[in-house]
Amino acid sequence: MSDIWTLIRVFGYLSLLTVGGGMAAFPELQSLSVDTYHWLSFTQLVHLYSVGQLSPGPNMMMIIPIGDWVAGPVGAIVVALAFFGPTAILTYVVGIWWGKLAAWPWRSSIQKGLAPVSIGLLLAGCASIAKGAIIGWETALIAITVLCVLMVSKVNPAVVVLAGAAVGMIFLN
Amino acid sequence: MNEAAPSDGVKKVPLLQIFLAFLTIGATSFGGAVPYLRNALVERRGWLADPEFVEFLSISQSLPGLNATNMSILVGQRLGGVPGAILAILGMCLPGGILMFITGILYKEHGGRALTTAALKGVAAAAVALVLYTAFQLGRKSLNGRADLVFVAITAVAVAVFHQSVLVTLVAVGAAAILWHHPPAEKGR
C-alpha cells in the first residue's frame, strides 16, 4: 500500500515537470525511480524510454511498466492516473480560460518565456539518457546517423528508431 | 482569436465518435501524435478548423503535459465538454498503455537475451537522436533572439551538469525568461 502512495507522489510530481514534453521530466524520473527508490536500473529505464518511442500514442507510456513492476497492474493504472491526471485537469481549466486571456499582455510573455526553458529541459533530458545510451563509438555513430536522416528527410521517426533496433541486432550482438 | 463561447455555434460530436476517433489515433500514431491528430480531426473529419488546431497546439506546448494528451483534453473539451475530454484522453492513452504494459512484462522476462540487448542498444541510440532532433525543431520554431539561447543553455546546464532540480530550474529560469519577454509598454494597467 505504501508503494502505491509513493507511486502517486512521484508520478504526480513528475507530471508537473513535463513542460515541453515528457523528456523534460527524465532527469528527475531517473533520480527518483533509479537512485531514490531503486524500482529499476538506469539501463532498464533507458531501454523502456527508448522502446516507448516505438509505441503509438503519448510517448511516455513507458511509465506503465514501472508501475506494474512496483505494484502490479494496480500500480500500472495508478501511475497512469497520477502522471496524466494533474496535467489533464490543468489543461482543461486553462483551455477554458485561454480565449479570455487573449487580451492579457502577459499571456504571450509566458509563452515566449517558457519556450527556451522547455527546450533547455529537453536537452538536459537528452544528456541524461545519452549517458546510458551512447556507450561506445558504435552507438554514437547510430545516433549521429539517425540525427542526419531526420534532418534531411521526412521519414517517420518510429521507422528510424526501428532501424536503430535492426542495426543494433546486426552489429552490436 | 475571436473564440465564441463553447455553447453557441460550435459543433458537438457524439461522445462515442470522439472516443473512437481518439482510440484510432492512439493506436496508429507512430512517431508522434500531432500530425495524426491534424489529419484525423481537421482534414478527415472537419471537426476543427486549422487555426483552432494551431491555437490548441500552442496551448498544449506551453503547459505541462505531453502534446498528445493535452491536445486530447482541449479537443475533447471543445467537442464534448468534460465527458468528451475524458473519453478523448482515454482513447489516446489506452492502446499505447496496453502495448507498453505487455512490453514491460516481456522485457522483464527476455530483456537479458543477447539479441534483445543488442536491439535495445540500437533503439536507445536512435532515441537520443530523436530527442535532439525534437529540441532542434522546437528551437527553430519558437526561439526569439540570443537571450533565448542563453535561457536554453542555463536551463540545460543547471539540470544536466549541476544537477539542480527540474522544478527549481523551471520556476527560476522560467520566471527570468518571462520577465525578459515582458509586455512592451505599460498602458492602463
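Reminder, nothing fancy here: chain letters follow the sequence lines and each chain counts from 1. Remember, predicted model here, so these are calculated numbers, not experimental data.
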Report summary line: If one checks every heavy atom of Leu150(A) against chain B at 4.5 Å, the contacting part turns out to be both
Query raised in the report: Can you say whether Gln44(A) sits under 4.5 Å from chain B via the side chain, the backbone, both, or neither, judging by heavy atoms?
Result: both
**Report entry** Top of Ala129(B), Ala160(B), Ala127(B) for chain A proximity - count of heavy-atom pairs under 4.5 angstrom
**Finding:** Ala129(B)
Report task. Could you have a look at Asn144(B), Thr69(B), Leu37(B) and say which one has the most heavy-atom pairs with chain A under 4.5 angstrom? Result -> Thr69(B)
Query - Contact class of Asn156(A) relative to chain B, heavy atoms under 4.5 angstrom - result: side chain
Report summary line: Residue from Leu99(B), Val173(B), Leu132(B), Thr134(B) scoring the most non-hydrogen pairs under 4.5 Å with chain A is Leu132(B)
Query - Contact class of Ala130(A) relative to chain B, heavy atoms under 4.5 angstrom - result: both
Report task. Can you tell which part of Val167(A) gets under 4.5 Å to a heavy atom of chain B, answering side chain, backbone, both or neither? Result -> neither
Query - Interface moiety of Lys100(A) toward chain B, non-hydrogen atoms closer than 4.5 Å - result: neither
Query - Spacing of Phe83(A) atom CZ and Met61(A) atom CE [to the nearest 0.5 Å] - result: 9.0 Å
Query raised in the report: Can you say whether Ala24(A) sits under 4.5 Å from chain B via the side chain, the backbone, both, or neither, judging by heavy atoms?
Result: backbone
Query - Rounded distance (nearest 0.5 Å) linking atom CD1 of Ile89(B) with atom CE of Met71(B) - result: 12.5 Å
**Report entry** Contacting moiety of Thr139(A), where chain B heavy atoms sit under 4.5 Å
**Finding:** both
Query raised in the report: Do you know which of Ala175(B), Gly139(B), Ala125(B) has the most heavy-atom pairs with chain A at a distance under 4.5 angstrom?
Result: Ala125(B)
Query raised in the report: Given a strict heavy-atom distance threshold of 4.5 Å, which part of Ser142(B) is in contact with chain A: side chain, backbone, both, or neither?
Result: both
Report task. Could you look at Met60(A) and say if it's the side chain, the backbone, both or neither that has a heavy atom under 4.5 Å from chain B? Result -> both
Report summary line: One option among Gly65(B), Gly96(B), Ala177(B) has the most heavy-atom pairs under 4.5 Å with chain A, and it is Gly65(B)
Query raised in the report: Does any heavy atom of chain A fall under 4.5 Å from the side chain of Ser72(B), the backbone, both, or neither of them?
Result: neither
Query raised in the report: Between Pro73(A) and chain B, which part of the residue has a heavy atom less than 4.5 Å away: side chain, backbone, both or neither?
Result: both
Query raised in the report: Who wins among Val94(A), Leu90(A), Leu40(A) for the most heavy-atom pairs under 4.5 Å with chain B?
Result: Val94(A)
Query raised in the report: Is the closest basic N to carboxylate O distance between Glu52(B) and Arg38(B) below 4.0 Å?
Result: no
**Report entry** Part of Phe171(A) within contact of chain B (heavy atom distance under 4.5 Å)
**Finding:** neither
**Report entry** Engaged part of Pro58(A) at the chain B interface, taking heavy atoms whose separation is under 4.5 Å
**Finding:** both
Query - Structural part of Ala80(A) lying under 4.5 Å from a heavy atom of chain B - result: neither
Report summary line: Interatomic distance, CG@Leu14(A) vs OG@Ser31(A), rounded to 0.5 Å, equals 9.0 Å
**Report entry** Part of Ser165(B) within contact of chain A (heavy atom distance under 4.5 Å)
**Finding:** both
Report summary line: Assert top hit (heavy-atom pairs under 4.5 Å, partner chain A, pool Ser29(B), Gly26(B), Ser62(B), Ala147(B)) equals Ser29(B)
Report task. Hey, could you give me the CD1/CG distance between Ile66(A) and Leu29(A), rounded to the nearest 0.5 Å? Result -> 5.0 Å
Query raised in the report: Pick from Ser109(A), Gly168(A), Ala124(A): which one has the most heavy-atom pairs with chain B under 4.5 Å?
Result: Ser109(A)
